[in-house]
Every structure is written in structure tokens, then in C-alpha cells.
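Below is one structure, written out as C-alpha cells; the observations come after it.
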Amino acid sequence: MLYRKVPKTGEELSILGFGAMRLPMIDGKTIDEEKAIAQIRECIDNGVNYVDTAWPYHGGQSEIIVGKALKEGYREKVVIADKLPQFLVESREQMDGILDEQLKRLEVDCIDYYLIHAVEGNSWDRCVELGVEDFLDKAIESGKIRYAGFSFHGIPADFKRIVDAYPWTFCQIQYNFLDTENQAGTSGLQYAASKDLAVMIMEPLRGGNLSAPTPPDGVQEIFDEAETSRAPVEWALRWVWDHPEVTVVLSGMNDDEHIRQNLAIASDAEAKSLTDAELAIVNKVAARYKELMQVPCTGCAYCMPCPVGVRIPGNFELFNSAHMFKDKAEHLKFQYAVFFSEEMAGEPAYASQCVECGQCEEHCPQHIAIPEQLKRVVDYFEQDDMQAKVNALVGKS
């Protein structure tokens, strides 16, 4: 495992962090607690010392699972990152109550790296009005948190003013080879580093879209131009770690093989190790992906829950996959019909159920026009007899 220093403190953090937003599930509904704890501990045993969770992850269960995983001596081996859900906060007093509850869930006395969760310009201004700076000052003074930071989902101009608004130790941004100009982007990464902030990276694989073992049409041919053969996931992660401004890259690891693969890559992914020719190949791949992807969804699920039951990220994932992996289009149409049916999902979860209430769009970090994009999903997937496909699977006539 390689480590990089937090500029303001000198603390060494593993370049790979464990993101506890997508823990392994049983039947898609319940966290597989035994497996999740084992995976977190495997990562720690192999040098990972940064574990990231948040209040809303898995409906509040993520913090509890992380707390359990860090028993039996594991707490002393890591730093914990957790987040204030500013989108739920209505008063200064509520901030204290949420932090105390998080400490209780995690079963710790202190959270090492504490972020204001998912801010952009307007939400940051609201946080300031509610007294978030006083909250952070007192939380640090009391020892309930060690360092303050924020995670960001807005535009570059707002990112820079938030960086300058408080003496942060770190920040967290979405960054991958498709998002160099989206949200904080490369300019934000460089600006934060110039202010001596550690920068933690989320969505390095764009919700897994950049790590498919069999890349979409035309992508593998570009990768094959490189002198060194690498899997798509290695190209994507190495590209992020190639930036010396990056401190930690978070990965939502919930598959044993993916964990082993990520750990192996993190053992030698030095900054500035990609050649100019290799960087040019990644740029070509990025251009090809942008031609193929229909909806820039990362699967973060901030748009959920939908009041009428649409599984928005799942709908977009299949829609994107059908366009990127055209040889699987018919199979994906079958999956769409079955996976989101009442028989499989417990209640219907199709795109056509959307009533255009706009609630999802308000919370989307990617600023996707979700109701409009769901109409495209309907046009693509719901032209055939979906119920016949469902009946075929469950054995109905």
C-alpha cells in the first residue's frame, strides 16, 4: 500500500480508502453484515487506513456496520470519515444532535475526518446562516472531531469560494477521467491543493461504468494501443492516482475480487507514473465513452427514494449499458422488464411510473434532468411486452 501525506498535518493516509456506501447486500435489501465486516477488515489488514461512511448510507446502517467492523483492535489502525447531512439540518442545535448520534452509531469518542456532506453554493450559504462554522469550531475544540472538510457537488466557482470560506483540512470531490470539467473538476483539484487541502476522491470509476471487464464498443481497441496491457479498472484508478494533488481515492468495494484488484493497483500507483502516450490513450478512451453514455449517472442514489417507487439509478444503469454494450441490448431489455417488476422488486419500479414531481432532480449531484431522461428510458425499454417476459421468468402462463 502506498501512502500520501495530508498537507496541513503530515498524517499519512493510504491512497486507497474504503467507501462504505455500497456494502454487500442480501437480496438487494439487507446488508450482508458478516461479509461487509470481513471485507472492511481485509482492506485494513492490507494497509487501508481511511474508512468513509455517512449518515444516509444504507439508511443509516452503514455507520453501524463500520462501527462493528472497527472493533477488536481495528479502530486503532484507521481514521474514520463521516459526514453531517446538511440537507436534513434545520438548526444549529440539530447539528450537535446528529454528530452525537453518529458517535453513538460508530461507537467511538471521536470522528477523525468530518465533512459537511454534498454542499454546493446555495446549500453552503444556508449552512453558514445556520451556524455551521461555530458548530465545526466547537466540535474540534471538544475533541468530537479532529479535522473539518466538505464534500462537493456544484460548479467550479462555488467550489473555490467554499475552499476559501473556512480553514478546512481536506475536501472530497468527484473526479475521474470523464469528469475533468464537471463539478470541481481539474481546476478545483488544483485549487484545493494550492491551499494545502488534502483531496479525497469519490466516484473514480463513475459508479463502476469505467471498470467493466469488457469495455464498450471501440474502447478496448484504444486501450490495446498501449505498450503496457492493463484492465480498464487499472487504467481508471491509475489515472486518478497519477495526479499528485490527490490524497485518497475512495472505492465502494463490495466484491472480493475487486478488493484484491484494487489493493494490488494501490501497491504501486505512484503519482506522475503514466507516460504522455498513456495519458493520450486515456483521453481517447474518455472521448469514446462520452460518445456512448446516454445519462451521466454515477449511481450515487442521492435522488432516492422516489415517492412513486422508480428505481432511478438502476433504470439509468441498464439504459447506459444497453447503449455501451449493444451486443447485450436484448438481454438488458429482459432484465429491465424483470428486475423492476413487482414480482422481483416487491413493487413496480419502472421509469414509466415517473410523475415528474421533480424531487429527484433537486437532489441530483450531476444536475441531470431526471424526468426527461426517464422518458428516454421508457421509449427504449417499454415498447415490448414486458409482462410476458416477467411471466416467462416466474412461470406464469
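Only a predicted model underlies this, so the values are computations on that prediction, with no experimental measurement involved. Atoms considered below: every heavy atom in the structure, side chains included; atoms not considered: hydrogens, waters and symmetry mates.
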NZ/NE/NH1/NH2 to OD/OE distance under 4.0 Å, [X] and [Y]:
{"X": "Arg376", "Y": "Asp379", "answer": "no"}
{"X": "Glu203", "Y": "Arg206", "answer": "no"}
{"X": "Arg75", "Y": "Glu107", "answer": "no"}
{"X": "Arg92", "Y": "Asp134", "answer": "yes"}
{"X": "Lys5", "Y": "Glu11", "answer": "no"}
{"X": "Asp96", "Y": "Lys144", "answer": "no"}
{"X": "Arg288", "Y": "Glu291", "answer": "yes"}
{"X": "Arg146", "Y": "Asp112", "answer": "yes"}

Does the pair Asn49 and Ser14 meet the rule for a side chain to side chain donor-acceptor pair (under 3.5 Å), with working shown? CA-CA 6 Å; Asn49 68 358; Ser14 55; 3.1 Å; yes
Could you check whether the rings of Tyr175 and Trp239 sit parallel, tilted or perpendicular, using 30° and 60° as the cut-offs? tilted
Is the backbone of [Y] close enough, under 3.5 Å, to the side chain of [X] for a donor and an acceptor to pair up by distance?
{"X": "Asp224", "Y": "Ser229", "result": "no"}
{"X": "His58", "Y": "Leu23", "result": "yes"}
{"X": "Lys272", "Y": "Asp242", "result": "no"}
{"X": "Thr247", "Y": "Met200", "result": "no"}
{"X": "Thr180", "Y": "Phe177", "result": "no"}
{"X": "Glu120", "Y": "Asn122", "result": "yes"}
{"X": "Tyr3", "Y": "Gly47", "result": "yes"}
{"X": "Lys8", "Y": "Trp168", "result": "yes"}
{"X": "Arg22", "Y": "Met253", "result": "no"}
{"X": "Gln39", "Y": "Asn254", "result": "yes"}

Can you confirm whether [X] sits close enough to [Y] that some side-chain heavy atom of one is under 4.5 Å from a side-chain heavy atom of the other?
{"X": "Val233", "Y": "Leu210", "value": "no"}
{"X": "Met25", "Y": "Thr30", "value": "no"}
{"X": "Tyr50", "Y": "Ile15", "value": "no"}
{"X": "Cys300", "Y": "Pro313", "value": "no"}
{"X": "Leu197", "Y": "Val6", "value": "no"}
{"X": "Val48", "Y": "Leu263", "value": "yes"}
{"X": "Gln366", "Y": "Thr298", "value": "yes"}
{"X": "Leu2", "Y": "Ser267", "value": "no"}

Less than 6.0 Å separating the ring centroids of Phe170 and Tyr113? yes
Is it the case that the ring center of Phe159 lies less than 6.0 angstrom away from the ring center of Phe150? yes
Report yes or no: do [X] and [Y] form a side-chain donor-acceptor pair below 3.5 Å?
{"X": "Glu382", "Y": "Ser352", "answer": "yes"}
{"X": "Ser251", "Y": "Asn262", "answer": "yes"}
{"X": "Asn320", "Y": "Gln294", "answer": "no"}
{"X": "Arg105", "Y": "Gln102", "answer": "no"}
{"X": "Tyr166", "Y": "Asp137", "answer": "yes"}

Determine, step by step, whether Phe87 and His117 satisfy the ring-ring contact (aromatic ring centres under 6.0 Å, His included) criterion, reporting the C-alpha distance in whole Å, the side-chain angles of both residues, the deciding distance to 0.1 Å, and the verdict. CA-CA 8 Å; Phe87 36 84; His117 196 178; 5.5 Å; yes
Please test Phe381 against Tyr350 for ring-ring contact (aromatic ring centres under 6.0 Å, His included), starting from the C-alpha separation and ending with a verdict. CA-CA 10 Å; Phe381 281 121; Tyr350 297 116; 9.9 Å; no
Does the structure place the NZ or CZ of Lys333 under 6.0 Å from the centre of the six-membered ring of Tyr336, at an angle of no more than 45° from the ring's axis? no
Of all heavy-atom pairs linking Gln174 and Gln183, the shortest is OE1-NE2, 3.5 Å
Side chain to side chain donor-acceptor pair (under 3.5 Å) with Glu372: which residues, sequence neighbours excluded? Lys375
